[in-house]
Amino acid sequence: MTGLQVNLSPLLEPLGFMKVLEWIFSIFVFATCGGYKGTTTILVSCKGVVNKTVTAAFAYPFRLNTAVFSAPDPTRCGGSWTDFHLVGNFSSSAQFFVTFAVLVFLYCIAALVLYVGYMHLYQNTGKIPLIAFGLLNMILWGGNAWFVYKETSLHNPSNSTSQSSGIYPPTTGI
């Protein structure tokens, strides 16, 4: 069995070039989602108190229901203030997305090592391209298709009726 023989020419072919692009994009995917931090701010007006802003901070993994708008002053708006939480827990989707990106990253590294260092083994045996990289590529494309389905209107078609914001229950008729 022959060892590592570095050959960069496979990277110029479509398959190798696509693996380089997938590797780069996977880095951006888990870096931007995993490192994202945000805030939302509201202006609070209480009787006899200067208007103040309160902020709720959130970050990956997006458990928004743990982000809270706390009282803007120690007197809690004359005793009438109650803490408000953001709505939603998107941690499972965000963690799945980041995990999938990390797996794509590792897969692309393995594929690039095979293409660059062991291309002679890859070309001489028909089992490696069929089982490890053909099957894994199918799983990656399936995962990509799943994200497109979940993030577009294909998954949740919009209704023609207006929907409430989710903060307050919809009003009922008399």
Side-chain angles (χ1 to χ4, degrees), residues 11 16-116 133 135-171:
L11 299 181
F17 182 70
M18 289 303 293
K19 292 296 175 240
V20 171
L21 287 179
E22 288 174 358
W23 178 66
I24 291 170
F25 287 136
S26 69
I27 293 171
F28 285 115
V29 165
F30 66 81
T32 55
C33 186
Y36 184 81
K37 294 180 182 179
T39 59
T40 186
T41 304
I42 59 173
L43 179 64
V44 177
S45 300
C46 299
K47 291 182 183 177
V49 179
V50 177
N51 292 345
K52 294 191 177 188
T53 59
V54 290
T55 302
F58 57 91
Y60 174 81
F62 307 113
R63 289 185 183 98
L64 299 183
N65 55 349
T66 62
V68 65
F69 290 108
S70 295
D73 63 0
T75 62
R76 301 174 77 78
C77 287
S80 64
W81 179 268
T82 56
D83 288 345
F84 294 98
H85 293 268
L86 295 176
V87 177
N89 182 354
F90 302 98
S91 62
S92 63
S93 296
Q95 290 170 335
F96 180 76
F97 185 70
V98 170
T99 301
F100 194 75
V102 170
L103 292 175
V104 169
F105 173 78
L106 295 174
Y107 162 73
C108 289
I109 287 177
L112 289 171
V113 165
L114 181 71
Y115 294 152
V116 171
F133 295 104
L135 179 64
L136 287 175
N137 239 351
M138 184 183 75
I139 292 170
L140 293 177
W141 278 100
N144 287 333
W146 174 252
F147 282 120
V148 168
Y149 174 72
K150 289 291 282 185
E151 300 296 326
T152 61
S153 63
L154 294 173
H155 172 66
N156 207 0
S158 62
N159 295 334
S160 59
T161 62
S162 64
Q163 297 179 355
S164 69
S165 64
I167 296 174
Y168 301 106
T171 57

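As the structure is a prediction and not an experimental result, all values here were calculated from the model.
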- Message: Strictly distance-based, threshold 3.5 Å: is any side-chain N or O of Ser93 a donor or acceptor partner for the main-chain N or O of Phe90?
- Response: no
- Message: To check you understand the geometry: which heavy-atom pair defines the closest contact between Phe69 and Thr40, and what is its length?
- Response: CE2-O, 3.4 Å
- Message: Can you tell me how far apart NZ (Lys19) and SG (Cys108) are? Round to the nearest 0.5 Å.
- Response: 5.5 Å
- Query: Passes side-chain contact (heavy atoms from CB on, under 4.5 Å), Thr32 versus Tyr36? Steps please.
  - Reply: CA-CA 6 Å; Thr32 55; Tyr36 184 81; over 6 Å; no
- Query: Taking all non-hydrogen atoms of both residues, which atom of Ala67 and which atom of Ala57 are closest, and how far apart?
  - Reply: CB-O, 3.4 Å
- Find the distance between CZ (Phe96) and OG1 (Thr99) and round it off to the nearest 0.5 Å. 8.0 Å
- Non-hydrogen atoms of Cys33 and Tyr60 that approach each other most closely: O-CB, 3.4 Å
- Message: Please check: side-chain N/O of His85 versus main-chain N/O of Asn65, any donor-acceptor pairing under 3.5 Å?
- Response: yes
- Query: Who are the ring-ring contact (aromatic ring centres under 6.0 Å, His included) partners of Phe97, not counting sequence neighbours?
  - Reply: Phe147
- Separation of Leu64 CG from Asn89 CG (nearest 0.5 Å): 7.5 Å
- Message: Please report the interatomic distance CZ(Phe17) to CD(Glu22), rounded to the nearest 0.5 Å.
- Response: 11.5 Å
- Item | Heavy-atom pair with the smallest gap, counting every atom of Ser26 and Val104 | CB-CG1, 3.8 Å
- Query: Between Val29 and Ala101, which heavy-atom pair has the shortest distance, and what is it?
  - Reply: CG1-CB, 3.4 Å
- Is the closest side-chain donor-acceptor distance between Thr55 and Thr41 under 3.5 Å? yes
- Task: Would you check, one step at a time, whether the test side-chain contact (heavy atoms from CB on, under 4.5 Å) holds for Trp23 with Ile109?
- Result: CA-CA 7 Å; Trp23 178 66; Ile109 287 177; 3.3 Å; yes
